[in-house]
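None of the values given here were measured: they were computed from a predicted structure. Chain naming here is simple, since letters A, B, ... match the order of the sequence lines and numbering starts at 1 in each.
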2 protein chains.
Amino acid sequence: MTIAQVAQRTGLTAHTLRYYERTGLMLEPPPRGDNGHRRYTERDADWIALLTRLRASGMPIAAMRRYAELARRGRDSYVARKELLEAHRADMIAKIEQLRSDLEIVDYKIDLYSRRIRGEE
Amino acid sequence: MTIAQVAQRTGLTAHTLRYYERTGLMLEPPPRGDNGHRRYTERDADWIALLTRLRASGMPIAAMRRYAELARRGRDSYVARKELLEAHRADMIAKIEQLRSDLEIVDYKIDLYSRRIRGEE
DNA sequence: CTGGGAGTTGGAGCGCGCTCTAAGTCAAAT
DNA sequence: ATTTGACTTAGAGCGCGCTCCAACTCCCAG
């Protein structure tokens, strides 16, 4: 798989894929073809797909790097990896709660404007 | 109300409050005391509180600025303000959905690690 | 043999949202 | 009289997450 294909598939740009690699997010650097071009494996693509989900859910790059480092350590790091994901899970829940709570205010405001537009106040 | 008191109340720093003012987020610049210090009104504090909720829910500064501009225009901008908030509302809903969806994967991963730790695979 | 297109690298640049610094003013406390 | 502390300004700096640039190699089609 070429970098362009992985970009296509994951929605990241080739630039970002190289950046992710540089910054330590890959389990291991993807193998190269004879021409020196990256040849991503299926496993690479799956890992990157996971990374995009973690990013999309708000995990900072630094935490993802820690996660990648742990993953490279293999079975020894199951507990640490689980803890990292649990911490992230807590952040996600908190963010959902925050959004839900702020949604009330936004809804209230929208409703207020609706009534004002209809001339009720 | 001094800038420090508003900072205390809203959780923003004095630095950020001045920045928000500079960047056009206030309805009008807060009045000054004889010493040239800002003297925030209750209305200022309420407005800033609203700003913090919009920020917390992910609204970019640029959109908040647009919202403030509209608010300065008064009754004429009810429709536009409503539309702006509705657009933001849609973003918030989308983000909640995104989080919910990513939560499934994180939960799945956590569960996987739990089982591996217990030696089930 | 000449383009064009896809990849490579190191490193610079950018947009966002703050965050802080430097230098100054003023008022109250010692 | 001096120190402390809260404020003021213009403007610089920063951390994050990309995003892009310049210069290069390589391969293939015309």
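Taking every side-chain heavy atom of A/R38 into account, C/dT8 is the closest of C/dG17, C/dT8, D/dT19. Minimum atom distance to the side chain of B/Y20 is reached by C/dC18, of the listed C/dC18, C/dT8, C/dC20. The side chain of B/R22 has D/dA12 as its nearest neighbour among C/dT8, D/dA12, D/dT9. The side chain of A/I3 has C/dG7 as its nearest neighbour among C/dG17, C/dT19, C/dG7. Residue A/H37 places its side chain closer to C/dG7 than to any other of C/dT19, D/dC21, C/dG7.
When heavy atoms are screened at a 4.0 angstrom cut-off, B/R18 is found touching base atoms of the nucleic acid. Residue B/A4 is in sugar-phosphate contact alone, with no base atom involved, counting any heavy-atom pair closer than 4.0 Å across all strands shown. Contact annotation for A/T13: no contact, since no heavy-atom pair falls under 4.0 Å across all strands. Residue contacts for A/T23: at a heavy-atom cut-off of 4.0 Å it reaches no nucleic acid atom on any strand shown. Within the 4.0 angstrom heavy-atom criterion, no nucleotide atom of any strand lies near A/R39.
Distance CG (A/L54) to P (D/dC16): 18 Å, rounded to an integer number of Å. What separates CG of B/L51 from P of C/dG17 is a distance of 13 Å, to the nearest Å. The distance between atom CD of A/E21 and atom P of D/dG17, rounded to the nearest whole Å, is 18 Å. Put simply, OH on B/Y19 is 19 Å from P on C/dT21, counting in whole angstrom units. Between A/I61 atom CD1 and C/dC16 atom P the separation is 19 Å, expressed in whole Å. Distance, A/M64 CE to D/dC16 P: 14 Å, rounded to whole Å. In this structure, A/R65 atom CZ and D/dC18 atom C1' are separated by 13 Å, rounded to whole Å.
Although no hydrogens or angles enter the test, the distance criterion places no donor-acceptor pair under 3.5 Å between the side chain of A/D46 and the main chain of A/R43. Not one N or O on the side chain of A/R116 forms a donor-acceptor pair closer than 3.5 Å with the backbone of A/E120. Here the side chain of B/T10 pairs a donor or acceptor atom with the backbone of B/V6 at under 3.5 angstrom.
A/Y113 and B/L27 fall within the same hydrophobic cluster, defined by Ile, Leu, Val, Met, Phe, Trp and Tyr side-chain heavy atoms under 4.5 Å apart, directly or through other members.
For the OP1/OP2 pair of D/dC16 and a distance below 4.0 Å, the side-chain nitrogens and oxygens of A/R55 include no atom meeting the criterion. Taking only side-chain nitrogens and oxygens, B/T16 never comes nearer than 4.0 Å to OP1 or OP2 of C/dG17.
Electrostatic pairing of B/R73 and B/E69 does not count as a salt bridge here, judged by no charged N lying under 4.0 Å from a carboxylate O.
If you find the closest nucleotide of DNA chain D to A/N35 and to B/H15, the one lying nearer the 5' end belongs to B/H15.
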